[in-house]
Amino acid sequence: MGTAAAGALFAAGCTSNENNDDGDNAKQAANTANDKPGKAVTIGFAGPQADHGWLNAINEQAKRRAKEYKDVTLEATEGSNDTAQQIGQIETLINKKVDVLVILPADGKALTQVGLKAMRAGIPVVNLDRIFASPQAYRCWIGGDNYGMGLNAGRYIGEQLKGKKNAKVIELAGIDNLELTRQRTEGFNDALKNYPNIKKVGRQAAEFTVESGQAKMAQLLQAHSDFDALWNHDDDQGVGAERAIKQAGRDDFLMVGGAGAKRAMDAIKADNSVLKATVLYPPTMAASAIDLARALGQGKGVGGLAELEIPASLTLYSAVVTKDNVDEYLPTGFS
């Protein structure tokens with residue numbers, strides 16, 4: 001969901017059934033969060049260290065969104081990949097008695113207890129992306145669709161190669177001990193099952209870094225002199241992958257990236273490299289998390305929905321960005 005789309009969802013008045021009278025409509029509108037200043041809300045925001053382009057975009061999206069609301073005060077931590085340190089940061093926010101917490105945990109399982117502590121203290125938690133081990137640790141979860149990301153990458157590649165006999169694809173995955181990597185691969189494999197002419201012939205797991213992307217891509221290129229498409233899970237490691245591809249002088253296949261970096265979108269628009277698409281894992285989810293937290297703090301629902309409460313979970317769609325629609329998504333690209 002792009003920032004503009006999120007704003008439309010949370011700011012617009014709720015739709016109603018034709019049978020509702022004006023009184024019902026007025027009551028519903030009064031219980032819907034919108035852009036007009038309302039009850040003051042202090043939101044605590046705790047995320048991991050911004051050591052990756054996507055994570056940095058998460059922090060920027062949250063801060064930028066909070067500034068758009070005159071009734072929101074954002075208490076943001078410095079962010080840490082150290083579990084104990086992040087727990088300490090969140091406990092500080094709890095002790096400050098913020099109205100709502102937005103937490104992107106470095107490790108969802110390890111931080112479940114501090115999520116529970118906040119909820120028991122009467123502070124509703126918006127769990128961002130990496131999910132806690134218990135639904136009791138959060139009021140609302142919002143995040144991306146890792147399985148859907150792989151599924152849509154596979155569908156796009158499948159459609160590009162459906163007329164080619166004995167087509168071959170390879171995969172440059174992320175960190176294999178992360179559940180999100182396994183989900184992305186599972187979705188990709190399931191999509192390819194719909195295209196019997198396509199076979200996945202190679203896979204390497206990188207580490208979401210430029211250096212690992214370059215090294216692992218070089219290995220794939222050495223092992224496979226002939227293939228038709230590559231899916232790379234992450235646009236940051238894709239920088240390294242593209243370096244390896246250039247060094248090898250290869251341009252005989254198409255490449256699909258992942259996450260939605262601006263650099264990748266610029267390359268897709270230029271259409272002068274193997275990179276032809278990227279599958280979004282939108283960091284705009286952090287802006288939407290601020291919208292949800294504000295609505296929670298004000299005791300409101302969200303526009304566009306008939307319910308008086310915000311949803312318990314919200315999974316974002318992994319759109320495929322190509323040359324045909326890149327201009328639409330460029331504003332959401334991250335550096």
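Counting begins at 1 with the first residue of the sequence.
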Checklist entry - Honestly curious: do I198 and I170 fall in one hydrophobic cluster under the side-chain, below-4.5 Å linking rule? => result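 No, it is not one cluster - the side chains of I198 and I170 are not joined through contacts under 4.5 Å.
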Checklist entry - According to a 4.5 Å side-chain heavy-atom criterion applied to Ile, Leu, Val, Met, Phe, Trp and Tyr, with indirect links allowed, do V321 and F334 form part of one hydrophobic cluster? => result no
Who are the salt bridge (Lys or Arg N to Asp or Glu O under 4.0 Å) partners of [X], not counting sequence neighbours?
X	answer
K323	D271
K70	none
D324	none
D82	none

Checklist entry - Is the shortest side-chain N to carboxylate O distance from R139 to E309 below 4.0 Å? => result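 Yes.
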Checklist entry - Is the closest basic N to carboxylate O distance between D226 and K168 below 4.0 Å? => result yes
Item to check | Pair listing, side chain to side chain donor-acceptor pair (under 3.5 Å) test, anchored in residues 120-129, at least two apart | outcome: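 Qualifying pairs, neighbours excluded: D129-Y281.
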Test item: [X] side-chain N/O and [Y] main-chain N/O as donor-acceptor pair under 3.5 Å:
X	Y	result
N197	K165	no
T284	A287	no
N59	N56	no
T315	D145	no
D235	G257	no
T112	G108	yes

With a 4.5 Å cut-off on side-chain heavy atoms, are [Y] and [X] touching?
X	Y	answer
Y317	N152	yes
Q237	V210	no
P282	T332	no
P105	R130	yes
D71	V41	no
M217	L220	yes
L254	K276	yes

Checklist entry - Given the rule in the side chain to side chain donor-acceptor pair (under 3.5 Å) test, do E207 and S212 qualify, once you have shown the distances and angles that lead to the verdict? => result CA-CA 6 Å; E207 298 175 0; S212 67; 5.0 Å; no
Item to check | Full working for side chain to side chain donor-acceptor pair (under 3.5 Å) between K200 and N189 | outcome: CA-CA 8 Å; K200 188 167 78 170; N189 291 343; 2.8 Å; yes
Checklist entry - Who passes side chain to side chain donor-acceptor pair (under 3.5 Å) against T181, sequence neighbours left out? => result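 By the side chain to side chain donor-acceptor pair (under 3.5 Å) rule, T181 matches no residue at all.
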Checklist entry - Partners of K96 by side chain to side chain donor-acceptor pair (under 3.5 Å), sequence neighbours excluded? => result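 Result, side chain to side chain donor-acceptor pair (under 3.5 Å) vs K96: E75.
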Item to check | Single hit among K216, R203, R182 for salt bridge (Lys or Arg N to Asp or Glu O under 4.0 Å) with D176 | outcome: R203
Checklist entry - How would you list all residue pairs meeting ring-ring contact (aromatic ring centres under 6.0 Å, His included) that involve residues 89-117, not counting sequence neighbours? => result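 Residue pairs with at least one partner in residues 89-117: there are none.
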Next on the checklist: Taking ring-ring contact (aromatic ring centres under 6.0 Å, His included) as the cut-off, I'd like each qualifying pair that reaches into residues 196-238, sequence neighbours left out, listed once.
Outcome noted: F188-W231, F227-F253, W231-H233
Item to check | A259 versus D234, closest heavy-atom pair with distance | outcome: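 Of all heavy-atom pairs spanning A259 and D234, the closest is CB-OD1, 4.4 Å.
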Checklist entry - Does any pair with a residue in residues 247-265 pass salt bridge (charged side-chain N to carboxylate O under 4.0 Å, His left out), and if so which ones, sequence neighbours excluded? => result E242-R263, R250-D252, K262-D266
Item to check | Remaining members of the apolar cluster that contains Y147, side-chain heavy atoms under 4.5 Å | outcome: L151
Checklist entry - What's in the same ILVMFWY side-chain cluster as I131, cut-off under 4.5 Å, chained through other members? => result I87, I90, L93, I94, V98, L101, I103, L111, V114, M119, I123, V125, F132, Y138, W141
